[in-house]
2 protein chains.
Amino acid sequence: MEHNGQQVGRPRDSRVDEAITAAVQELLSEVGYAGLTVAAVAERAGIGKASIYRRYATKHEMIFAAIIHGEVLEVPPDTGSLLEDLTALARVIVGHLSNPAAAGALMSLLGEIAADPTLAERFTTTFVEPERAGNAELLERAVRRGELERLPDMDLFHAMFGGTVLSWLFISHHDPHDLPERLARFACAALRSTAHQPLPSN
Amino acid sequence: MEHNGQQVGRPRDSRVDEAITAAVQELLSEVGYAGLTVAAVAERAGIGKASIYRRYATKHEMIFAAIIHGEVLEVPPDTGSLLEDLTALARVIVGHLSNPAAAGALMSLLGEIAADPTLAERFTTTFVEPERAGNAELLERAVRRGELERLPDMDLFHAMFGGTVLSWLFISHHDPHDLPERLARFACAALRSTAHQPLPSN
DNA sequence: ACCCTTTCGAGACTGCAGTTTCGAAACTAT
DNA sequence: ATAGTTTCGAAACTGCAGTCTCGAAAGGGT
């Protein structure tokens with residue numbers, strides 16, 4: 001019998017995992033999402049395709065894993081001001097989404113996600129939830145600081161903040177240069193306003 | 001020589017165009033974006049695949065054309081209230097984006113657009129510009145009505161409003177049921193606030 | 001030592017879907 | 001009529017995702 005959770009058989013070579021994610025990231029920036037082939041990834045990584053499919057069920061999952069590799073969306077440090085905190089947050093998001101390779105990949109991935117509940121689930125727990133929590137943490141700081149009376153509609157705020165950046169970059173195709181300042185000012189004004197009149201219509 | 005703008009050669013059969021868009025729309029709602037194949041479209045339309053590729057450079061363009069077929073994003077009628085106008089606008093957007101078929105198609109298309117400037121250009125003039133103009137018209141009504149002192153940062157507002165719906169549906173995967181009311185209330189508060197203190201930090 | 005299991009790289013194989021080619025048909029101009 | 005051009009549907013072509021097999025290697029259990 002086996003001793004504990006130890007696996008029998010030859011253990012996986014962690015360098016293979018790294019080689020795969022590295023190859024995907026490289027090729028993603030070279031040929032883009034649409035031009036990326038599993039065979040090319042295997043060749044670039046110096047491994048067999050079987051080693052890829054032993055880890056990921058589909059090509060999309062492989063790319064997904066490579067994209068999120070170490071992509072922890074960290075909350076910017078406390079600046080002491082809600083406006084500046086939001087500006088910093090917007091800058092982080094813009095920074096992550098400005099990488100043109102990851103950009104197209106993310107959108108294509110969202111297309112896949114719309115048709116694949118499993119992938120959607122993973123995407124939510126990996127990306128959406130942590131980011132939402134980060135947003136909440138940032139706003140809680142403002143509440144503790146006294147800048148806001150209470151937390152706003154967090155679901156809405158989260159969708160609004162990230163969604164605005166997304167739309168700005170990939171739908172409007174505007175220059176992200178001064179987006180952080182403009183968005184932060186807008187969001188800040190909205191937050192202060194809604195916090196004081198939380199349910200104006202009822 | 002040719003007489004006027006008349007084309008020489010066999011004229012295109014307009015029924016082919018209609019058959020294509022109809023087949024795409026049907027199949028899109030039956031099998032979704034990922035499951036849609038050009039062969040299936042051709043078969044359903046009773047035509048050859050060449051007739052499709054003579055009209056559209058890629059499968060994505062074909063789907064894009066079928067989706068936007070007659071999909072003019074109309075501005076909701078004047079309700080006499082900014083809040084209700086925004087609610088109606090949000091409902092229109094949610095309505096358009098709630099079709100699960102169009103959902104995946106739009107996101108996949110955005111992925112294509114990120115790597116195809118030609119497609120991006122067409123998408124902008126066909127979708128983005130008219131929608132932005134519609135948003136502006138709705139806000140101008142509020143200004144004329146006296147609810148707002150001036151138009152806000154329209155680039156930002158447009159990205160915010162549509163982007164929030166997009167993120168809400170396709171990233172957060174929340175129920176769109178009460179989104180229009182919540183978004184409209186949020187946007188309304190923000191607009192009134194920013195309009196009264198347009199440049200608070202300078 | 002000897003088995004058993006699993007991973008490894010390599011490559012062949014399969015099935016499908018996007019794209020192109022082809023001969024026939026439809027139309028205009030001369 | 002005839003030539004030239006373009007569209008038509010059918011079928012062939014191409015390329016890739018995904019699967020499978022192979023012999024070798026790396027572990028652990030007994």
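Lettering of chains follows the sequences in order, A, B, ..., and the numbering in each one begins at 1.
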Selection: residues 12-23 of chain B, any non-hydrogen atom under 4.0 Å of DNA chain C
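Close to the strand, none.
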Is any N or O donor-acceptor pair between the side chain of K49(B) and the base of dT20(C) shorter than 3.5 Å?
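For K49(B), whose side chain was compared with the base of dT20(C), there is no donor-acceptor pair (under 3.5 Å).
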Listed by chain and number, what are the side-chain hydrogen bond (donor to acceptor under 3.5 Å, both in side chains) partners of [X], not counting sequence neighbours?
{"X": "H173(A)", "result": "none"}
{"X": "E140(A)", "result": "none"}
{"X": "T79(B)", "result": "D85(B)"}

Partners passing side chain to side chain contact (heavy atoms under 4.5 Å, CB included) against V92(A) (at least two apart in sequence or in another chain):
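Only L73(A), H96(A) meet the side chain to side chain contact (heavy atoms under 4.5 Å, CB included) criterion with V92(A).
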With A142(B) via side chain to side chain contact (heavy atoms under 4.5 Å, CB included) - residues at least two apart
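Here the qualifying residues are L82(B), R145(B), E147(B), L148(B).
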Does dG9(C) have its OP1 or OP2 closer than 4.0 Å to a side-chain nitrogen or oxygen of S51(A)?
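S51(A) to dG9(C) OP1/OP2: side-chain N or O found under 4.0 Å.
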Which residues in residues 35-45 of chain A have a heavy atom closer than 4.0 Å to any atom of DNA chain D?
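Within residues 35-45 of chain A, the residues near DNA chain D are L36(A), T37(A), V38(A).
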Calculate the interatomic distance between [X] atom [atom1] and [N] atom [atom2]; express it in whole Å.
{"X": "Y53(B)", "N": "dT19(C)", "atom1": "OH", "atom2": "P", "answer": "4 Å"}
{"X": "E61(B)", "N": "dG18(C)", "atom1": "CD", "atom2": "C1'", "answer": "14 Å"}
{"X": "R55(B)", "N": "dT19(C)", "atom1": "CZ", "atom2": "C1'", "answer": "16 Å"}
{"X": "I52(A)", "N": "dA10(C)", "atom1": "CD1", "atom2": "P", "answer": "12 Å"}
{"X": "Y33(A)", "N": "dA17(D)", "atom1": "OH", "atom2": "C1'", "answer": "12 Å"}
{"X": "H60(B)", "N": "dT19(C)", "atom1": "NE2", "atom2": "C1'", "answer": "13 Å"}

Restricting to ring-ring contact (aromatic ring centres under 6.0 Å, His included), what partner residues turn up for F123(A), sequence neighbours left out?
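By the ring-ring contact (aromatic ring centres under 6.0 Å, His included) rule, F123(A) matches F127(A).
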ring-ring contact (aromatic ring centres under 6.0 Å, His included) partners of F161(B), counting only residues at least two apart
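Only F157(B) meet the ring-ring contact (aromatic ring centres under 6.0 Å, His included) criterion with F161(B).
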Test: side chain to side chain donor-acceptor pair (under 3.5 Å). Region: residues 162-171 of chain B. Which pairs qualify, not counting sequence neighbours?
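Not a single pair qualifies under side chain to side chain donor-acceptor pair (under 3.5 Å).
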Positive for side-chain contact (heavy atoms from CB on, under 4.5 Å) with I47(A), one of V41(A), D13(A), V16(A):
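Exactly one pass, corresponding to V16(A).
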With sequence neighbours excluded, residues passing salt bridge (Lys or Arg N to Asp or Glu O under 4.0 Å) with R44(A)
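Scan of R44(A) (salt bridge (Lys or Arg N to Asp or Glu O under 4.0 Å), adjacent residues dropped) gives E26(A), E30(A).
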Considering only nitrogen or oxygen atoms on both sides, find all protein atoms under 3.5 Å from nucleotides 22-26 of chain C and state each distance.
unit_1, atom_1, unit_2, atom_2, d
dA25(C), N3, R10(B), NH1, 3.3
dA26(C), O4', R10(B), NE, 3.3

Is it the case that over 12 heavy atoms from other parts of the model lie below 6.0 angstrom from the CD atom of E43(A)?
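Result for CD/E43(A): open.
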